[in-house]
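Structure first, commentary second.
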Amino acid sequence: MPVTVLLVDDEPLVRAGLRAVLEAQPDIEVVGEAADGAAVIPLVRRLRPDVVAMDVRMPLMDGIEATRAVLRTVDRPPKILVVTTFENDEYVYEALRAGADGFLLKRARPAEIVHAVRLVAAGDSLLFPASLRQLAAEYGDGNPAARAALERAALTEREAEVLRLMTRGLSNAEIAARLVVGTETVKSHVSAVLAKLGARDRTQAVITAYESGFVAPG
């Protein structure tokens, strides 16, 4: 089954460019488009895309509010990939904190766009871990809620080790190789970490790790 994508951007040329790049791939299908975040929820409910590629800055409802709205109101919500002009952007970090799974620069090369969609859809690795670390260092000052979540989680020693490796962007297979265990074992540890932290995905878990002081983002 192909990875299905909904494109959300107020610039028609951006949508056209993303569609051309993605539809050139045999395993990706663009199933719809929208010009503003306000149109996302009905389209997500009707089209059930695997990934929403969404501009972070739009006139009526921006990508941050649209991300919150989708995750709050849609059952089994899609992965959300924020599309942005500027990498070091507080809007991007706020979208990630709101629940987006990763971000993509509008100037990215076609291969990078395709890789980002596939990686976010798969969900077993972190997109641009170095950039996320830089964003957390600049905008993710100590968060009492994150510290409380980490304390409540009471991670085991192995789960804490897995979370540290997740912050470095390692995939399940890479973590398994590092710890000399099976991939299924790592998947179980990752699932336990997410459940204990109340995190939707790896990105949210890593943000909690940074904002709680569990690891230093710098």
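Residues P78 and L6 have side chains not in contact (no heavy-atom distance under 4.5 Å, counting atoms from C-beta outward). Counting only heavy atoms from C-beta outward, the side chains of V206 and L126 approach each other to under 4.5 Å. Counting only heavy atoms from C-beta outward, the side chains of V8 and L43 never approach each other to under 4.5 Å. For the pair T84/L105, a side-chain contact is recorded, criterion being any heavy-atom separation below 4.5 Å from C-beta on.
The distance from atom CZ of R133 to atom CD of E138, rounded to the nearest 0.5 Å, is 14.5 Å. Taken from CG in L7 to CG in L18, the straight-line distance is 5.5 Å, to the nearest 0.5 Å. One distance of note links CG of L71 with CD1 of I41; it measures 9.5 Å at 0.5 Å rounding. Going from atom OG1 of T67 over to atom CE of M61 covers 10.0 Å, rounded to the nearest 0.5 Å. The structure places CG of L104 at 13.0 Å from CE of M54, a figure rounded to the nearest 0.5 Å. Rounding to the nearest 0.5 Å gives a distance of 11.0 Å between CD of E159 and CD of E157.
Legend: side-chain hydrogen bond (donor to acceptor under 3.5 Å, both in side chains) pairs involving residues 37-51, not counting sequence neighbours, sorted by first then second residue: T4-D50. Sorted by first and then second residue, the salt bridge (charged side-chain N to carboxylate O under 4.0 Å, His left out) pairs with a member in residues 52-65 read D55-K106, R57-D89, E65-R68; sequence neighbours excluded. Among residues at least two apart or in separate chains, side-chain hydrogen bond (donor to acceptor under 3.5 Å, both in side chains) pairs with a member in residues 162-171 are S171-E174.
Residues passing the side chain to side chain contact (heavy atoms under 4.5 Å, CB included) test with L119, sequence neighbours excluded: H115, S125, L127. Applying the side chain to side chain contact (heavy atoms under 4.5 Å, CB included) test to E112 and every residue at least two apart in sequence or in another chain returns A108, R109. In this structure D36 satisfies the salt bridge (Lys or Arg N to Asp or Glu O under 4.0 Å) test with no other residue, sequence neighbours excluded. Evaluation of the side chain to side chain contact (heavy atoms under 4.5 Å, CB included) rule for L96 yields V92, A100, F103, L132, L135, T203, I207 as partners, not counting sequence neighbours. Under the side-chain hydrogen bond (donor to acceptor under 3.5 Å, both in side chains) criterion, E161 pairs with R158, sequence neighbours left out. Residues passing the side-chain hydrogen bond (donor to acceptor under 3.5 Å, both in side chains) test with R118 are Q25, D27, sequence neighbours excluded. For A205, the side chain to side chain contact (heavy atoms under 4.5 Å, CB included) criterion is met by L163, M166, L194, L197, A199, not counting sequence neighbours. Taking E211 as the reference, R97 meet the salt bridge (Lys or Arg N to Asp or Glu O under 4.0 Å) condition, with sequence neighbours excluded.
Between P49 and V5, the shortest heavy-atom contact is CB-C, 4.3 Å. Minimum heavy-atom separation, R15 to A34: CD-O, 3.5 Å. When all heavy atoms are compared, the tightest approach of T73 to A69 is OG1-O, 2.7 Å. Taking both residues in full, the closest heavy atoms of G32 and L47 are given as CA-CD1, 4.0 Å, listed atom of the first, atom of the second, then distance. Closest approach of D201 and G99 over heavy atoms only: OD2-O, 4.2 Å. Contact record, S212 with L150: OG-CD2, 3.5 Å, taken as the closest heavy-atom pair.
Transitive grouping of hydrophobic side chains (ILVMFWY, heavy atoms separated by less than 4.5 Å) keeps V114 and V83 in distinct clusters.
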| task | Take V52 and V70 through the test side-chain contact (heavy atoms from CB on, under 4.5 Å) and record every step on the way to the result. | result | CA-CA 10 Å; V52 177; V70 168; 5.9 Å; no
Which donor-acceptor pairs under 3.5 Å do the side chains of residues 177-187 make with protein atoms, sequence neighbours left out?
unit_1	atom_1	unit_2	atom_2	d
E184	OE2	K187	NZ	3.4

